[in-house]
Protein chains: 2
Amino acid sequence: MTTIKDVARAAGVSVSTVSHVLSGRRPISEPTRLRVMEAIERLGYRPNRLAQGLVSKSSRSLGLLVPDLANPFFGSMAEAMEIAAHDRGYSVILCNTNLDPKREADYLSMLLSRQVDGLLYFPGTRVPNRALLEAVAAGVPVVVVDERIDNLPGVFVDNFDGGRQLGRLLAQLGHRSLLFIGGPEGLPTVTDRLNGLRAGLAEGGRASVNLLLRFGEYRASHGYEIIHACAREGVFAAVGDERPTAVVAANDMIALGALRALRELQLHVPRDCSLTGFDGVEFTAMITPSLTTVQQPSTRVATAAVELLLQRIEAHENHRDRERAAQEHQPYADAAPVIPHVVLPVTLVVRESVAPPPRN
Amino acid sequence: MTTIKDVARAAGVSVSTVSHVLSGRRPISEPTRLRVMEAIERLGYRPNRLAQGLVSKSSRSLGLLVPDLANPFFGSMAEAMEIAAHDRGYSVILCNTNLDPKREADYLSMLLSRQVDGLLYFPGTRVPNRALLEAVAAGVPVVVVDERIDNLPGVFVDNFDGGRQLGRLLAQLGHRSLLFIGGPEGLPTVTDRLNGLRAGLAEGGRASVNLLLRFGEYRASHGYEIIHACAREGVFAAVGDERPTAVVAANDMIALGALRALRELQLHVPRDCSLTGFDGVEFTAMITPSLTTVQQPSTRVATAAVELLLQRIEAHENHRDRERAAQEHQPYADAAPVIPHVVLPVTLVVRESVAPPPRN
DNA sequence: CCTGGTAATCAAAACGTTTTGATTTTGATA
DNA sequence: TATCAAAATCAAAACGTTTTGATTACCAGG
């Protein structure tokens with residue numbers, strides 16, 4: 001490894017001069033600058049970020065905690081976030097939590113050890129992770145994404161509105177009996193989408209709709225099993241308003257599994273039963289039938305999250321500096337601790353998987 | 001931040017004693033050990049990995065360069081790799097190359113700055129990236145995954161065999177005219193799968209098969225467009241052995257797009273045309289019709305890649321140490337520079353998307 | 001009762017940077 | 001020509017660790 005010392009020696013200047021050439025924090029004469037640059041080039045010098053981080057107390061990296069990268073929703077989110085972070089000079093340390101609180105705690109500790117400047121966190125469970133709250137208490141800037149946690153800053157989509165648009169659509173088509181397959185019960189995304197759905201159905205003129213609720217995981221297998229379980233219970237053999245004529249899945253993966261199961265039950269989508277998803281991942285446009293879903297602006301969500309996190313990081317650093325400068329007196333209490341929640345709009349994408357209910 | 005110094009002071013011992021308690025490299029008396037541990041606990045001390053890395057010259061982190069996380073194939077690979085790395089005490093820095101050589105070079109430089117111990121690299125183009133080769137030349141251990149690069153160590157699946165199994169299957173079903181939709185022309189995975197396909201067809205008794213070749217990108221849109229383009233050229237209107245009765249896609253994404261297009265052309269899969277994919281990502285089991293594909297053991301590939309990389313890293317470190325110890329004489333030339341290539345087996349998964357060709 | 005090895009501890013150097021105070025040089029102004 | 005500020009440079013401290021002699025205390029073997 002060639003170090004800044006080697007460069008200094010090669011250029012015949014002091015170490016600090018090389019540093020100043022690189023950072024531009026102090027004026028350097030043109031001839032010296034050129035000599036230094038030449039030496040850097042010639043020796044292939046690359047500053048050691050560990051050393052930089054040690055003195056600057058900032059690693060210029062973010063921790064990304066995500067439940068399940070195999071899910072393309074999280075995949076594209078992670079991709080967009082990494083790109084946004086890279087654009088602003090930050091690296092991303094990937095952590096696969098698998099929704100396991102133990103793993104999360106483990107990762108959090110590692111990330112703090114690595115002096116990350118901030119955390120991008122996808123919650124996957126209802127109760128906020130203890131270790132996360134400790135990290136927040138320890139002063140690490142955090143932005144929560146996708147799933148709301150009340151007193152933490154975050155970026156989300158308007159899940160209620162998405163649900164409402166679905167509800168209106170289905171009501172207008174004439175559906176009076178729905179099966180809602182949620183993710184984990186009580187999770188804000190699930191609850192908001194469901195409440196939105198109810199509101200939309202009401203707006204669509206269906207005052208009283210038969211709404212069957214099931215909860216579980218955000219996975220294809222869950223959608224698949226719920227449908228089969230319902231079938232075993234005779235749900236789809238019922239008549240009149242007892243029989244659901246549409247399945248509303250809380251996300252696209254669940255819908256995918258449900259679609260598979262419906263097909264195995266010889267229920268044609270959308271002829272015998274409509275189906276909707278949520279998130280709008282790429283494959284929903286490609287499958288047969290193409291899936292009616294609510295599209296999240298994933299890139300915008302990801303960018304907004306990184307943006308917000310970097311803002312917080314800067315604020316945090318300034319705060320620390322100010323504290324250090326004026327440690328003897330507290331001139332004014334901290335400004336109102338507003339917790340920013342960015343909410344982005346969603347778009348209903350109507351595709352082949354919905355139709356009026358069968359009449360019989 | 002509480003540092004090792006604070007702990008030392010609190011426990012009434014020297015800094016090096018604390019370090020030895022933590023590392024176990026020198027004996028420490030039980031009472032002292034307990035006092036130190038208590039202080040660590042009480043102060044919530046967490047060693048600063050930047051500082052550790054600076055002195056140990058190892059950041060205990062790996063760079064992961066992946067073309068496109070939105071693709072669930074790469075998503076699950078990345079997930080499995082991160083988990084394997086984490087299990088062995090390494091963190092993963094995520095880099096989204098998007099197949100852009102400029103971005104790759106950029107990331108590589110950043111990763112070297114960050115003193116990563118090794119690189120996990122998914123090549124996406126035929127010509128190996130210049131910057132990557134420079135990194136290798138600079139002595140950074142690299143393991144290439146999925147796509148072969150001849151003189152770099154790597155982990156791959158038996159693409160030829162996968163192609164062959166598909167060929168045998170289709171030949172046995174009676175197909176005599178196929179459309180192969182590849183990824184980028186010349187890419188080893190594409191070529192191997194195609195050559196395997198040919199071999200399989202021959203083995204299956206179809207000495208001469210009409211094989212129409214198209215190349216492009218590993219994306220759904222590519223499969224979609226190729227099918228439509230072929231239709232415009234009248235490929236599917238041809239008669240006899242001119243008309244392909246099966247479409248072999250070089251991966252699942254292409255197959256997904258092709259399926260969509262075939263459906264738009266009113267060609268039923270598999271009645272009018274069979275279809276196969278490659279990789280075996282989760283959704284292939286869920287779509288309609290479920291997709292016949294070649295399953296990669298992604299977790300095993302990922303684990304093997306991490307394993308191999310860590311081996312190389314250790315070897316590299318020992319090598320450096322030995323060099324330093326015995327710098328005056330070269331006792332023996334380096335052992336034969338064997339480039340390990342781990343090849344893992346694939347599994348043909350036959351599902352609904354294939355059938356005998358229509359007879360007419 | 002000495003000898004030597006090991007256990008236990010400490011002090012100091014090193015890792016590669018940035019930052020800061022001090023010093024010298026330069027150029028313009030009075 | 002003397003003065004002063006700004007420009008240009010350097011030396012040294014600091015960041016939080018690990019590693020490595022060096023030192024002391026202890027105990028067993030002769």
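Residue numbers begin at 1 in each chain, while the letters A, B, ... track the order of the sequences.
For the pair A/Arg25 CZ and C/dG21 C1', the computed distance is 16 Å after rounding to whole Å. Rounded to an integer number of Å, the gap from CD of B/Gln52 to P of D/dT18 is 5 Å. Taking atom CZ of residue B/Arg46 and atom P of nucleotide D/dC15, one finds them 20 Å apart after rounding to whole Å. Atom CG in B/Leu34 sits roughly 11 Å away from atom P in C/dT9 (whole-Å rounding). Regarding B/Leu50, its CG atom lies at a distance of 10 Å from the C1' atom of D/dT17, rounded to whole Å. Across the protein-nucleic acid pair, B/Leu22 atom CG and D/dT19 atom C1' stand 15 Å apart, rounded to whole Å. The CG-P distance, from B/Leu54 to D/dA14, rounds to 17 Å in whole Å. If you measure from atom NE2 of B/His20 to atom P of D/dG21, you get 12 Å, rounded to the nearest angstrom.
Nucleic acid contact for B/Val15: base, since at least one base atom lies under 4.0 Å from a heavy atom of the residue. No engagement by A/Ser23 is indicated, since no non-hydrogen atom pair under 4.0 Å with the nucleic acid exists. Here B/Arg33 lies out of heavy-atom contact (under 4.0 Å) with every strand. Nucleic acid contact for B/Ser19: base, since at least one base atom lies under 4.0 Å from a heavy atom of the residue. Counting non-hydrogen atoms under 4.0 angstrom, A/Pro27 reaches a base of the nucleic acid.
Under 3.5 Å, the side chain of A/Arg49 and the base of C/dT17 form no donor-acceptor pair of N or O atoms. Looking at A/Ser16, its side chain has no donor and acceptor atom pair within 3.5 Å of the base of D/dA12. Remark: the B/Arg26 side chain and the D/dG21 base include a donor-acceptor N/O pair separated by less than 3.5 Å. Side-chain N/O atoms of B/Thr17 and base N/O atoms of C/dA8 include no donor-acceptor pair closer than 3.5 Å.
In terms of heavy-atom proximity, B/Ile339 sits nearest to B/Pro153 at CG2-N, 3.4 Å. Heavy atoms only, all atoms of each residue included: B/Met110 and B/Ile93 are closest at CE-CG2, 4.3 Å.
Look at A/Thr3 and you won't find any side-chain N or O under 4.0 angstrom from OP1 or OP2 of C/dG16. The side chain of B/Lys57 places an N or O atom within less than 4.0 Å of a non-bridging phosphate oxygen (OP1 or OP2) of C/dG16. Taking 4.0 angstrom as the limit, B/Ser56 places none of its side-chain polar atoms (N or O) nearer than this to OP1 or OP2 of D/dT17.
Note: B/Ile28 CD1 to B/Arg33 CZ = 9.5 Å, rounded to the nearest 0.5 Å. Separating the NE2 atom in A/His86 from the CD atom in A/Glu82 is a distance of 7.0 Å, to the nearest 0.5 Å. The CG atom of A/Leu309 sits 9.5 Å away from the CE atom of A/Met81 when rounded to the nearest 0.5 Å.
Annotation: of the two residues near DNA chain C, A/Met1 and B/Val13, the 5′-most nearest-nucleotide partner is B/Val13.
Taking five base pairs at each end of the helix from C/dC1-D/dG30 to C/dA30-D/dT1, the local helix axes there meet at an angle of 50°, rounded to 10°.
You'll find that the side chain of A/Ser14 is closest to D/dC10, out of D/dC10, C/dT18, D/dG16.
Between A/Asp6 and A/Arg9 there is a salt bridge, since a side-chain N of the basic residue sits under 4.0 Å from a carboxylate O of the acidic one. The existence of a salt bridge linking B/Glu317 and B/Lys57 is excluded, since no basic side-chain nitrogen approaches an acidic carboxylate oxygen closer than 4.0 Å.
You'll find the side chain of B/Val144 reaches within 4.5 Å of the side chain of B/Phe156, heavy atoms only.
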